[in-house]
Amino acid sequence: MNRSIIPLLCSFLFLSASSASAFNVTKILSQYPDYTNFNDLISKTGLASEINAKSTITLLAIPNGAIGDLTSKPNDVVKKILTTHVVLDYYDTMKLQKLKDKTSKLTTMFQESGKASNDQGFLNVTAKDNTFVFGSAVKDAQRDSRLEKSVMNQPYNISILGISQPIVTPGIDSPLSPSSAPSPKANTPKSSPPKAESPAEEEAEAPTKDADSPSADSPAADAQAPSSSSADKLKISFGFFVVLASMVVIFKKDIKTNIMIFQNIERRICLLLK
Ligand SMILES: *[C@@H]1O[C@H](CO)[C@@H](O)[C@H](O)[C@H]1NC(C)=O
Ligand SMILES: *[C@@H]1O[C@H](CO)[C@@H](O)[C@H](O)[C@H]1NC(C)=O
Ligand SMILES: *[C@@H]1O[C@H](CO)[C@@H](O)[C@H](O)[C@H]1NC(C)=O
């Protein structure tokens, strides 16, 4: 076989290797009996494999005692809520303590879904009372999910922080699709935010529009660091296709043409890898 295929195959192998999991979140959480419900939920919703596809993640884990009615909500709603507990960056307690101005805006996996409007895809973490408090970055959202402990960390791939209660993102737990949700917002006078009593029904009214440019005010570094798993899959599929196509070409054309084609393909793969 032509020698020039070797770097091509190397590129392909590298593409495959780059998608290998850095950790298995299900396995990690199974070692901590306080988080069995949370672990079941991230498996049931398929979120576990999406988390495993990341290489840098912080999980805000809800202990069994605080899981509340999350276990009885529809699967798609639970998944949306749980994606707001997955921060697309690595934060352990040490890094939190070094936060500039003792506060930060964090990008969550919900932001990646394209379903977040306003600041729904972001969290606000702020130092308070000798610990840290997490909450939705949506204006006037309640922010009282306190950092209780560092469950585990594997720098700088995964950190699991135990929080006191689920993060409540205004408007997120509507089971309605955005198009069928009522949109009475236009001339409603601005009212004070609903208190925590019955957030599920109250907030179901809020329309969740697809935000096309929610990342405009995101912290640049946070928003760009993670590569989405679908992009990875696309890269791998493309790499695979290229190899197949090359195989066909190699037996049909003469050697000189092959070398040119391979060099061209290799350049393209290298461009993709950037
Ligand atoms: C772990 O994180 C480092 C730094 O973020 C990254 O370069 C590396 O690829 C990750 N490990 C795996 C196996 O993904
Ligand atoms: C992750 O760990 C769980 C529990 O140990 C196991 O059932 C599952 O197959 C593992 N997943 C992968 C992708 O290895
Ligand atoms: C987080 O919320 C607090 C309190 O509302 C606010 O003072 C702080 O500026 C917010 N942090 C960021 C990074 O927006």
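Both counts, for ligands and for their atoms, begin at 1 and track the order of listing. Keep in mind it's a predicted model, so treat the numbers as computed, not measured.
In terms of polar-atom proximity, defined here as any N/O pair under 3.5 Å, N24 does make such a contact with ligand 2.
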Tabulated below should be the N or O atoms of ligand 3 paired with protein N or O atoms at under 3.5 Å; can you produce that?
from, atom 1, to, atom 2, distance (Å)
ligand 3, 2 (O), N124, OD1, 3.4
ligand 3, 2 (O), N124, ND2, 2.2
ligand 3, 2 (O), R143, NH1, 3.1
ligand 3, 5 (O), R143, NH1, 3.0
ligand 3, 11 (N), T103, OG1, 2.8
ligand 3, 11 (N), N124, ND2, 3.0

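S159 places a side-chain N or O within donor-acceptor distance of the main-chain N or O of Y91, the cut-off being under 3.5 Å. Under the 3.5 Å distance criterion, the side-chain polar atoms of N118 are left unmatched by any main-chain donor or acceptor of Q120.
The ring-ring contact (aromatic ring centres under 6.0 Å, His included) analysis of residues 48-90, with sequence neighbours excluded, yields the pairs Y90-Y156.
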Start with the C-alpha gap between F23 and N52, add the side-chain angles, then the distance that decides, and say whether side chain to side chain contact (heavy atoms under 4.5 Å, CB included) holds. CA-CA 6 Å; F23 46 78; N52 290 342; 3.8 Å; yes

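Taking a cut-off of under 4.0 Å to the non-hydrogen atoms of K27, the atoms of ligand 2 that pass are 2 (O), 5 (O).
Evaluation of the salt bridge (charged side-chain N to carboxylate O under 4.0 Å, His left out) rule for K44 yields no partner, not counting sequence neighbours. Listed by chain and residue number, K149 satisfy the salt bridge (charged side-chain N to carboxylate O under 4.0 Å, His left out) test with D34 (two or more places apart in sequence, or in another chain).
Looking only at side-chain heavy atoms (C-beta outward), I158 and I160 come within less than 4.5 Å of each other.
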